[in-house]
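Here is the naming used below: chain letters follow the sequence lines, and residue numbers restart at 1 for every chain. Computed from heavy atoms alone, side chains included, the values below leave out hydrogens, waters and symmetry copies.
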There are 2 protein chains.
Amino acid sequence: MKSVRNTTAKTEIQELIANSPVALSHTEIQSATNGLCDRVTIYRILERLTVEGLIHKVVNVDGVVKYAGCHSCSEKHNHNHIHFSCQKCKSVTCLEDVEPSYKLPKKYTVSEMNFTLSGLCPQCS
Amino acid sequence: MKSVRNTTAKTEIQELIANSPVALSHTEIQSATNGLCDRVTIYRILERLTVEGLIHKVVNVDGVVKYAGCHSCSEKHNHNHIHFSCQKCKSVTCLEDVEPSYKLPKKYTVSEMNFTLSGLCPQCS
DNA sequence: TAGCTTAATGCAACAATGTTGCAAAAGTAA
DNA sequence: TTACTTTTGCAACATTGTTGCATTAAGCTA
């Protein structure tokens, strides 16, 4: 029987992500926690938090992987919202209220959506 | 005055991408060309072709960088279309005809769009 | 076609990001 | 506290991408 343990590092990283208005990268988390735990441990904690559905992974348009808290995923884990990527400050924000519409002409089976708009965020424009 | 030279490697890689129905990664191009040129040269050719507007760079939802030919970019370089990423065969396809609609509530300035749907492609479903 | 200029290439070395194995440390239930 | 098992730290490795520099070769000109 596998059980989950709440360690200091895990709790602190989860709160860091939950309280951040923007998605955070592994590097940003590492600087923010400043020696709290090993680089590898951060990777493993992020992996665990993602599997547990407490955070979600966002790959930015420049390929940088970031992590954001799941705010409205309590009942169903839904990430079909738009992300905004600021080209100036490099921040990635979840725009949870915006859902895009589209129509597929061919016979594709869709199970996931990833929609990122780039430009300037309110702070930078 | 900087001029552009058409080398064997550049021509071959450009044709490879142009004739492929799916976007190709650096690794895939390297295997396909099989020792045609150095690994670094491939990176530099892809960079040049992108700058010249002959191909475009697509970052897949899993962070893998791929390159696709520009088919309908003759007059204006427009990449505001949907990409489809197959979760089984890992192929990335440009669905050039599909343009999604959305509405942004807050004061964001949008200059680029990146929309990728994941699931099963016609071949895999 | 031969020579010249410089863009393009190959090679080595480096950087960033992510993964894996294993022994040691630390949660948690009893 | 004890025992069990998850989690961590460390070292080593893998992949992907970048940079500097000497050499090669594309393409213009004579």
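Per the geometry, CG belonging to A/L46 stands 10 Å off P belonging to C/dT19, to the nearest Å. Residue A/D38 contributes atom CG, which lies 13 Å from atom C1' of C/dA24 at whole-angstrom precision. Nucleotide D/dT16 holds its C1' atom 11 Å from the OH atom of B/Y67, rounded to whole Å. In this structure, B/N6 places its CG atom 17 Å from P of D/dA25, rounding to the nearest Å. In this structure, CD1 of A/I42 is placed 10 Å from P of D/dT8, rounded to the nearest angstrom. A straight line from CD1 of B/I45 to C1' of D/dT18 spans 16 Å, rounded to a whole angstrom. The NZ-P distance, from A/K66 to C/dT17, rounds to 11 Å in whole Å. Across the protein-nucleic acid pair, A/E47 atom CD and C/dT19 atom C1' stand 11 Å apart, rounded to whole Å.
Side chain A/R44 to base C/dG18: no donor-acceptor pair is found below 3.5 Å.
The nearest heavy atom of DNA chain D to B/R39 and to B/R5 marks one nucleotide each, and the one closer to the 5' end goes with B/R39. Nearest-nucleotide assignment on DNA chain C puts the 5′-proximal partner with B/L36, out of B/L36 and A/H26.
Below 30°, between 30° and 60°, or above 60°: for B/F84 and A/Y108 the angle between ring planes is between 30° and 60°, a tilted geometry.
Closest approach to the A/V40 side chain among D/dT18, C/dG18, C/dT20 is made by C/dT20 (side chain taken as heavy atoms from C-beta onward). Set against C/dT9, C/dT28, D/dC10, the side chain of B/A9 has C/dT9 as its closest nucleotide. In the set C/dT19, C/dG27, D/dG27, the nucleotide with an atom closest to the side chain of A/T8 is C/dG27.
B/H83 places no side-chain N or O within donor-acceptor distance of the main-chain N or O of B/V59, the cut-off being under 3.5 Å. Counting only distance, with no hydrogens or angles, the side chain of A/T50 and the backbone of A/L46 share a donor-acceptor pair below 3.5 Å.
Between A/R48 and D/dT8, a side-chain N or O to OP1/OP2 separation shorter than 4.0 Å is present. Between B/T27 and D/dT16, a side-chain N or O to OP1/OP2 separation shorter than 4.0 Å is present. The phosphate of C/dT9 (OP1 or OP2) has a side-chain N or O of B/T7 nearer than 4.0 angstrom.
Shown are B/S85, B/S118, B/S25; of these, the side-chain hydrogen bond (donor to acceptor under 3.5 Å, both in side chains) with B/N60 is made only by B/S85.
Summarising the local packing, CD of A/E52 is surrounded by more than 12 heavy atoms from other residues, nucleotides or ligands at distances under 6.0 Å.
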